[in-house]
Amino acid sequence: MEVKKALIALLIGSILALGYALIRAGWIFRQEVKEDRLKQIGGFVSEGAMAFLNREYRVLLPFVILIAAFLAIGNSGALRLQSVSFILGAVASALSGYIGMKVATAANSRTTQAASDKGLNAALRVAFSGGSVMGMSVVGLAMLGLFIVLYVATLLFGTGVDALSSTILPIVTGFSLGASSIALFSRVGGGIFTKAADVGADLVGKVEAGIPEDDPRNPATIADNVGDNVGDVAGMGADLFESFVGSIAGAMILGLTVAADDAVKIKLMILPLLLVTVGLVASLIGTLFVRTRPGSSPQKALNAGTFGAAGIAAVFVFIVLKFYIGGDLFNGGSGIYHIFGASIIGLVAGAVIGLVTEYFTGTDTRPVTAIMKSCETGAATTLITGMGVGMLSAFPAIVIIGAAIWCSFALAGLYGIGIAAVGMLVTLGIQLSVDAYGPIADNAGGLAEMSEFPPAVRDITDSLDAVGNTTAAIGKGFAIGSAALTAIILFTSFKTQSGIDVVDLTSVPVLVGILLGAVIPYLFSSMAMSAVGRAAYKMIEEVRRQFREKPGILTEDETPDYKRCVDISTQAALREMMLPGIVSVVTPVIIGFTGGPGMLIGLLTGVTASGVVLAIFMSNAGGAWDNAKKMIESGGSGGKGSEAHKAAVVGDTVGDPFKDTAGPSINILIKLMSMVSLVIAPMLKSFWG
């Protein structure tokens with residue numbers, strides 16, 4: 001009965017989220033785009049983005065079928081249903097990206113039009129509404145998918161502890177694996193697409209031709225704006241979709257390992273489902289706080305929604321614990337306060353990591369100002385200083401993550417870590433809404449420039465974009481923190497599912513696994529960075545060719561071939577994303593079946609420790625270089641066209657694949673490898689006896 005009540009709550013939550021997304025999407029599409037030029041260019045961006053996504057999903061279809069077949073053949077009995085839940089997870093993740101992309105590419109032009117017709121407040125409303133469709137779609141589809149899997153599985157196998165631990169939750173991990181697989185390819189493919197276009201637009205357009213990044217004379221500018229949606233809307237959405245599902249699945253598994261009677265174990269197992277449901281309600285309430293007055297900062301409005309939702313969620317979480325769990329728990333009845341503390345630790349840790357990320361990457365902060373000053377002495381010092389900032393930024397973030405793990409474990413053991421991970425993502429609906437707002441605002445500014453709107457309109461979109469840069473940086477920090485906690489509870493759950501009690505770190509197989517795991521993120525990043533380099537080379541050559549063969553482009557007597565640049569990015573992304581993705585999926589399988597579960601745990605330890613640090617370094621170094629360039633473009637260190645500006649463009653160009661391709665993709669790498677290990681745990685247990 002407890003499980004059925006939780007599933008009803010989960011279903012109601014998913015309906016609320018998807019209903020909100022549907023209403024907001026309808027409102028956005030009802031907003032009129034009056035300017036013909038804006039409508040035309042916005043159509044180019046939307047068409048390019050959706051075409052890429054459709055082609056990407058077609059390319060991934062054989063991969064999804066192959067993995068599903070492996071799960072069906074490799075498992076026996078009821079566990080073969082993992083293959084079905086895997087497909088459902090992949091479809092749900094892909095659908096959330098499709099919905100988010102469709103609405104985001106409609107909201108960008110409407111944000112520009114609103115800025116022109118009604119001013120800042122109206123433009124903010126449209127941009128945030130577009131982001132909220134992405135946020136609520138991700139949460140709603142994740143909850144709906146979990147409901148379907150759990151409902152069918154409990155209907156078939158019952159709700160006893162043995163059935164839950166041996167059959168039902170392993171089937172749930174198949175759903176999470178499907179989400180993880182799509183997320184990795186979305187992140188890597190989207191990152192390669194956007195950075196190939198961005199590098200071409202920057203190096204040839206800004207540095208060589210001396211025209212603005214979003215100038216309609218730049219052949220790569222449409223591809224660049226398409227890439228913002230492909231990477232930062234669909235990619236980020238898929239990233240956090242799988243973190244959300246993975247943290248829930250991991251916490252549910254750990255709930256059944258707590259030393260308590262069966263009734264309490266079941267309550268602890270379904271508690272994460274209740275927490276994300278009340279978190280969704282808090283997120284919906286938080287969207288009501290995103291309002292701004294004339295003359296006030298859009299950042300304050302977005303912060304009001306985010307922190308308001310977090311405060312409401314904390315209250316709701318305590319109410320759930322008090323009335324659902326009550327005193328019927330371990331630690332003499334004080335367990336609800338321990339679990340509540342663990343959830344708050346996760347909630348606070350996510351916010352603090354975001355603030356630390358903002359400090360190291362935001363405009364006018366000390367680290368970014370230092371990079372701006374270093375641009376005055378050339379590209380070499382720009383790169384050196386930026387790398388130093390990125391490396392330094394990893395230290396406080398790791399301290400925060402470590403403290404969150406330690407404190408949550410002290411409160412409620414391994415289950416406490418799982419609840420902390422869920423707590424960090426409990427208000428994902430509004431957190432992702434704010435994050436997806438960023439690329440919509442960025443696109444709105446680009447469309448205003450390309451459509452030749454008056455400077456006053458560009459001033460409004462620039463103010464929205466400046467806030468978007470901050471929300472994007474905070475979102476990346478939040479994604480890294482959630483990835484770290486999710487990966488830890490997943491490979492802890494793998495240890496439980498594979499039947500290993502103790503891991504000897506001095507064992508040779510374990511040591512070899514740790515070393516291999518530590519180098520995997522570097523191998524993966526090398527593949528991603530090299531892919532961006534190859535794709536960018538083709539883009540640069542294409543833009544140069546168009547300027548050379550069509551000199552009338554710069555005098556506006558000829559029209560650039562935008563579609564050719566979009567096609568170059570699309571082909572490169574689809575071709576180059578496969579190898580890194582295959583390495584991520586295949587490595588745990590090979591290590592697990594050749595070296596054993598102990599060696600695989602070593603691999604997961606190494607890849608998590610190495611990957612989290614490398615992801616923070618790359619994301620923050622790239623973000624800092626980006627905002628140092630923006631500070632110079634705003635008048636610092638000589639302003640646009642100066643030697644410092646040229647050095648800053650080089651730094652930003654190097655940082656682009658750091659922060660938008662390799663860095664964010666590592667988040668998914670560490671979670672995906674842990675999830676693959678968790679899914680094959682029953683096979684390994686049977687194989688190794």
Side-chain angles (χ1 to χ4, degrees), residues 28-46 104-131 201-202 205-206 209-226 228-229 291-299 301-302 363 437-471 552-560 562 629-636 639-641 645:
I28 289 169
F29 281 104
R30 286 196 300 273
Q31 306 307 301
E32 185 181 1
V33 181
K34 301 173 184 175
E35 302 293 332
D36 290 338
R37 176 70 172 163
L38 175 61
K39 189 181 297 184
Q40 180 189 35
I41 296 177
F44 287 156
V45 173
S46 178
T105 54
N108 52 16
S109 57
R110 288 160 173 81
T111 299
T112 306
Q113 189 70 63
S116 175
D117 294 347
K118 301 177 183 178
L120 176 64
N121 295 344
L124 172 66
R125 185 184 180 196
V126 176
F128 178 74
S129 294
D202 276 1
K206 282 186 175 182
I211 59 177
E213 180 179 354
D214 291 316
D215 194 299
R217 293 172 293 175
N218 192 329
T221 193
I222 294 293
D224 189 10
N225 280 275
V226 169
D228 289 336
N229 293 285
R291 299 287 184 271
T292 186
R293 298 176 181 176
S296 64
S297 168
Q299 184 70 62
L302 295 173
T363 53
Y437 151 92
I440 293 173
D442 187 11
N443 263 206
L447 292 174
E449 180 78 29
M450 288 184 282
S451 304
E452 300 178 348
F453 273 76
V457 175
R458 187 63 204 244
D459 289 342
I460 292 173
T461 58
D462 281 348
S463 68
L464 295 175
D465 187 21
V467 174
N469 289 332
T470 301
T471 62
I553 289 176
L554 292 176
T555 59
E556 299 187 58
D557 294 322
E558 294 183 84
T559 303
Y562 300 124
K629 180 197 69 173
K630 285 183 169 61
M631 288 178 66
I632 292 175
E633 290 175 343
S634 298
K640 289 184 179 180
H645 184 225

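All heavy atoms count here, side chains included; hydrogens, waters and symmetry mates do not.
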Nearest heavy-atom approach of Gly119 to Ile460 is CA-CD1, 3.9 Å
A side-chain contact here means heavy atoms from C-beta on lying under 4.5 Å apart; do Val33 and Arg110 qualify? yes
d(Ser109 OG, Gln31 CD) to nearest 0.5 Å is 11.0 Å
Between the NZ atom in Lys629 and the OG atom in Ser634, the distance rounded to the nearest 0.5 Å is 10.5 Å
Heavy-atom closest pair (His645 atom, Lys640 atom, distance to 0.1 Å) is ND1-CA, 3.7 Å
Between Pro560 and Pro219, the two heavy atoms sitting closest are CB-CA, 3.8 Å
Correct closest heavy-atom pair for Ile440 and Gly130 would be CD1-C, 3.5 Å
Closest non-hydrogen contact found for Ala107 with Val126 is O-CG1, 3.7 Å
Quick check: do Leu124 and Tyr437 have side-chain heavy atoms less than 4.5 Å from each other?
yes
| query | Do any N or O atoms from the side chain of Ser46 and from the backbone of Gly42 form a donor-acceptor pair under 3.5 angstrom? | reply | no
Between Gln113 and Asp117, do the side chains contain an N or O donor and an N or O acceptor separated by less than 3.5 Å?
yes
- Query: Side-chain contact, heavy-atom cut-off 4.5 Å: Leu464 with Leu120?
  - Reply: yes
In terms of heavy-atom contacts, Asn108 and Ala444 come closest through O-CB, 3.6 Å
Can you find a pair of side-chain heavy atoms, one from Ile41 and one from Tyr562, that are under 4.5 Å apart?
no
Sorted by chain and number, sequence neighbours left out, salt bridge (charged side-chain N to carboxylate O under 4.0 Å, His left out) with Arg217 holds for Asp215
| message | Any non-hydrogen side-chain atom of Phe453 less than 4.5 Å from a side-chain atom of Leu38? | response | yes
By salt bridge (charged side-chain N to carboxylate O under 4.0 Å, His left out), Glu35 pairs with (sequence neighbours left out) none
With sequence neighbours left out, the residues meeting salt bridge (charged side-chain N to carboxylate O under 4.0 Å, His left out) with Asp459 are none
If you measure from the Lys or Arg side-chain nitrogens to the Asp or Glu carboxylate oxygens, is any gap between Arg458 and Glu449 under 4.0 Å? yes
